[in-house]
Student: 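Please see the structure below; I have some questions.
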Amino acid sequence: MPYKRILLKLSGEALMGERQYGIDPIRIAEYAEEIKEAVGMGIEIAIVIGGGNIFRGLSGASQGMDRVQADHMGMLATVINGLALQSALEETGVQTRLQSAIQINEVAEPFIRRRAMRHLEKGRVVIFGGGTGNPYFTTDSAAVLRAIEIEADVILKGTRVDGIYSSDPEKDKTATKFDTISFKDVLTKGLKVMDTTAFTLSQENELPIVVFDMNKKGNLIKLVSGENIGTTVNI
Ligand code: UDP
């Protein structure tokens with residue numbers, strides 16, 4: 001198997017399923033089943049979850065709210081999603097721990113790197129909530145940061161598209177999908193994978209990113225089994 005320890009990044013929007021807002025219990029249960037299967041294969045899994053299905057700091061700020069205050073709300077939204085995912089995973093019998101970057105001790109452990117790594121070694125899924133704990137960042141940045149910290153082999157970014165295309169496939173019929181692409185080419189071609197802060201952090205630390213469609217059942221398992229799906233960004 002190509003990876004021993006992975007960091008899975010799920011956006012908040014992914015949890016919405018067919019809904020316009022919030023959490024779709026069917027979608028989250030499907031994710032949980034798939035993650036359980038990967039755990040059963042002996043893969044160590046950490047997860048960073050977004051909050052966009054509940055609250056985004058930028059949209060709060062654009063409506064006149066103080067940006068830092070709005071980002072705090074966004075970070076709390078990721079903790080809510082983390083709790084939901086934890087619950088769905090435990091429902092399937094997977095052992096989990098939720099660690100938060102902002103202290104919220106009654107509901108989640110604080111983020112402690114060594115402890116997170118120990119959980120992973122024991123086969124527990126570790127969910128990182130609260131993003132980086134700082135405003136003006138995204139959960140993509142949190143995902144890259146945590147992946148580096150816990151020495152994950154790769155970051156798997158589960159999205160609604162099946163990889164990185166030369167242009168927007170919904171607007172351009174000639175768009176082609178890359179199987180692999182270098183960090184440099186992503187930048188020179190102006191392609192969008194993650195926000196610049198997150199992407200640069202990944203590039204500087206030579207942490208590969210795989211973009212794949214998490215909504216297609218079986219894709220996560222295919223990826224961790226070494227099948228070439230999605231797009232891999234590497235040095
Ligand atoms: N956020 C933040 N710092 C972080 C991570 C997230 O302030 O380190 C806030 C920010 O307001 C963001 C919101 O949390 O809009 C939700 O995260 P994100 O937009 O990354 O979620 P996703 O798009 O993955 O659902």
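Computed from heavy atoms alone, side chains included, the values below leave out hydrogens, waters and symmetry copies. In each ligand, atom 1 is the first atom listed, and ligand 1 is the first ligand listed.
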Student: Tell me whether Ser141 reaches ligand 1 (any heavy atom closer than 4.0 angstrom to a ligand atom).
Tutor: no
Student: Below a 4.0 angstrom heavy-atom separation, can you tell me which part of Ser11, side chain or backbone, both or neither, approaches ligand 1?
Tutor: both
Student: Which ligand 1 atoms, with their elements, are less than 4.0 angstrom from a heavy-atom of Lys9?
Tutor: 24 (O)
Student: One thing to verify: whether Glu44 and Lys4 come together as a salt bridge, which I'm taking to mean a side-chain N less than 4.0 angstrom from a carboxylate O.
Tutor: yes
Student: Would you say Thr132 and ligand 1 have an N/O pair spaced under 3.5 Å apart?
Tutor: yes
Student: When you look for heavy atoms under 4.0 Å from ligand 1, do you find them on the side chain of Ile49, its backbone, both, or neither?
Tutor: neither
Student: Please evaluate residues Glu109 and Arg97 with respect to the criterion salt bridge (Lys or Arg N to Asp or Glu O under 4.0 Å), reporting the C-alpha separation (whole Å), side-chain torsions for both, the decisive distance (0.1 Å), and the verdict.
Tutor: CA-CA 8 Å; Glu109 286 181 5; Arg97 293 291 187 273; 3.7 Å; yes
Student: Output yes when the distance from some N or O of ligand 1 to some N or O of Gly52 is under 3.5 Å, and no in every other case.
Tutor: yes
Student: List every atom of ligand 1 that sits less than 4.0 Å from any heavy atom of Met75, numbering the atoms from 1 in the order shown and giving each element.
Tutor: 1 (N), 2 (C), 3 (N), 7 (O), 9 (C), 14 (O)
Student: Are the charged groups of Arg114 and Glu149 less than 4.0 angstrom apart, N to O?
Tutor: no
Student: Looking only at N/O atoms, are Ala70 and ligand 1 under 3.5 Å apart anywhere?
Tutor: no
Student: Say whether Gly12, considering both its backbone and side-chain N or O atoms, lies within less than 3.5 Å of an N or O atom on ligand 1.
Tutor: yes
Student: Any carboxylate oxygen within less than 4.0 angstrom of a Lys/Arg side-chain nitrogen, looking at Arg118 and Glu121?
Tutor: yes
Student: Just which atoms of ligand 1 are under 4.0 Å from any heavy atom in Gly57?
Tutor: 10 (C), 11 (O), 12 (C), 15 (O)
